[in-house]
Protein chains: 2
Amino acid sequence: MDEYQHTCMIRGDGGRAIRAILDRICDKWTMLIVATLDDGRMRFTELKEHIPGISQRMLTLTLRHLERDGLVSRTAYAEVPPRVEYELTALGKSLIPPALTLAGWAIEHNGEILASRETYAARQK
Amino acid sequence: MDEYQHTCMIRGDGGRAIRAILDRICDKWTMLIVATLDDGRMRFTELKEHIPGISQRMLTLTLRHLERDGLVSRTAYAEVPPRVEYELTALGKSLIPPALTLAGWAIEHNGEILASRETYAARQK
DNA sequence: CAGTATCCGGTAGGATACTG
DNA sequence: CAGTATCCTACCGGATACTG
C-alpha cells in the first residue's frame, strides 16, 4: 500500500466500518485470547492459565463472542469430566497479521508516547 | 513479516504491550479523529462537522488525550474570536498505515462475520 | 472441568448549561 | 469559537458462589 491510500477506508460510512472492528477486538481480552490460540487448539482451563488475570466469566464471555463472530470454533467432547477445546478458524487466523502490524507500531513507538506524556504532564503544573 | 512471526509480540509481557495501544486507540472516537486529521490541519469546529455524532465534550477529551500522547499538535492563535488548529504529528501520521491494515481486514471479512452471527443466532433457538 | 448466576463498583460517554 | 462544568446512565468487567 502506498503513502496516501485513502483514510476513507476508515471514515468511510461515518466510521461504521472501523467501529465494527473496534467493537470486535478492542475489549480487554479478545486480542490476547486470539494471540494465545494462535499456538494451536486449547482447552478452557489451559487457556485460562495462559492468560494471567482473566476471570472465568470474561474468558467464557469473550470466547462466546469470538465463536459467534466465527473467529473461534468450540468443540465439546462427550466425556466425564467434560473436555472442551477452542481453536482459531481460518477467519480468526486471518486477524493475526493485521494485529501484529498494530502491535509492532505500539512497540516501536511506545517510548515516544511515554516521553510525550511526561512533557505534557510537566507542562500542566 | 513472515507467517509465523510470534504472537509473542502481542502476548509478550502478559499483554501489556497490546493493552497499551488498545487503551490508546480503542475508544469510540480516537481512530476517527486521527483519520479525519489525515486530510490536514483542522479547526475544532471543522473537526466536529467532519465527525458526525461526536459531542463537544468527547471531541475535547479525545483531542487532549491525543495531544498528551504526542499524536496530535494543538495550535491556539491569539485572536478574537479564538482560532485553534489541530494537526497530526509525525507520530500520529505513523499510526495511519497500521490502522488501514486493520480497516482493510474489517472490510474484507465483515461479510463472513455477519454471516457467522446469523447462523449462530439461528442455532440459539 | 467447564461453565452459570448474581451482585456490584468504576467509568466511558451522552445531554445540557455556562464562559473567556 | 472553543472550550469547561455538571449531571446522569449504561455497561464493562471483577469477585464470589453455585452446578451438570
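Chain naming here is simple, since letters A, B, ... match the order of the sequence lines and numbering starts at 1 in each. Being a predicted model, the structure only gives us computed values, none of them experimental.
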Nearest-nucleotide check on DNA chain D, A/D27 vs B/R64; residue mapping nearer the 5' end is B/R64
Winner on side-chain proximity to A/W29, out of C/dC1, D/dG14, C/dG3, is D/dG14
Check every atom of D/dC1, C/dA2, C/dT4 against the side chain of A/T60 and return the nucleotide holding the closest atom.
C/dT4
Describe the nucleic acid contact of B/Y77 in one word from base, sugar-phosphate, nothing, applying a heavy-atom distance below 4.0 Å.
nothing
Looking only at heavy atoms, the pair that brings A/L22 and B/I25 closest together is CD1-O, 4.2 Å
C/dG14 OP1/OP2 closer than 4.0 Å to side-chain N/O of B/S55:
yes
Using a cut-off of less than 4.0 Å, is there contact between a side-chain N or O of A/R83 and OP1 or OP2 of C/dG3?
no
Gap between atoms [atom1] and [atom2], on [X] and [N] respectively (whole Å):
X: B/M58; N: C/dG13; atom1: CE; atom2: C1'; value: 5 Å
X: A/L61; N: D/dC11; atom1: CG; atom2: C1'; value: 12 Å
X: B/K28; N: C/dA12; atom1: NZ; atom2: C1'; value: 9 Å
X: B/Q56; N: D/dA5; atom1: CD; atom2: C1'; value: 12 Å
X: B/L59; N: D/dA5; atom1: CG; atom2: P; value: 17 Å
X: A/R57; N: C/dG9; atom1: CZ; atom2: C1'; value: 13 Å
X: B/I51; N: C/dG14; atom1: CD1; atom2: P; value: 12 Å
X: B/Y86; N: D/dA2; atom1: OH; atom2: P; value: 8 Å

So that I can tick it off, tell me whether A/D69 and B/R117 are bridged by a salt bridge, with the cut-off set at under 4.0 angstrom between side-chain N and carboxylate O.
yes
Decide, yes or no, whether a salt bridge links B/E85 with B/R41 under the criterion of side-chain N to carboxylate O below 4.0 Å.
yes
Membership question, hydrophobic clusters at under 4.5 Å side-chain separation (ILVMFWY): are B/L66 and A/L114 in the same one?
no
Applying the Watson-Crick and G-U wobble criteria at under 3.5 Å, what pairs with D/dT16? Answer none if nothing qualifies.
C/dA5
Indicate yes or no: at least one non-hydrogen side-chain atom of B/E108 is less than 4.5 angstrom from one of B/W105.
no
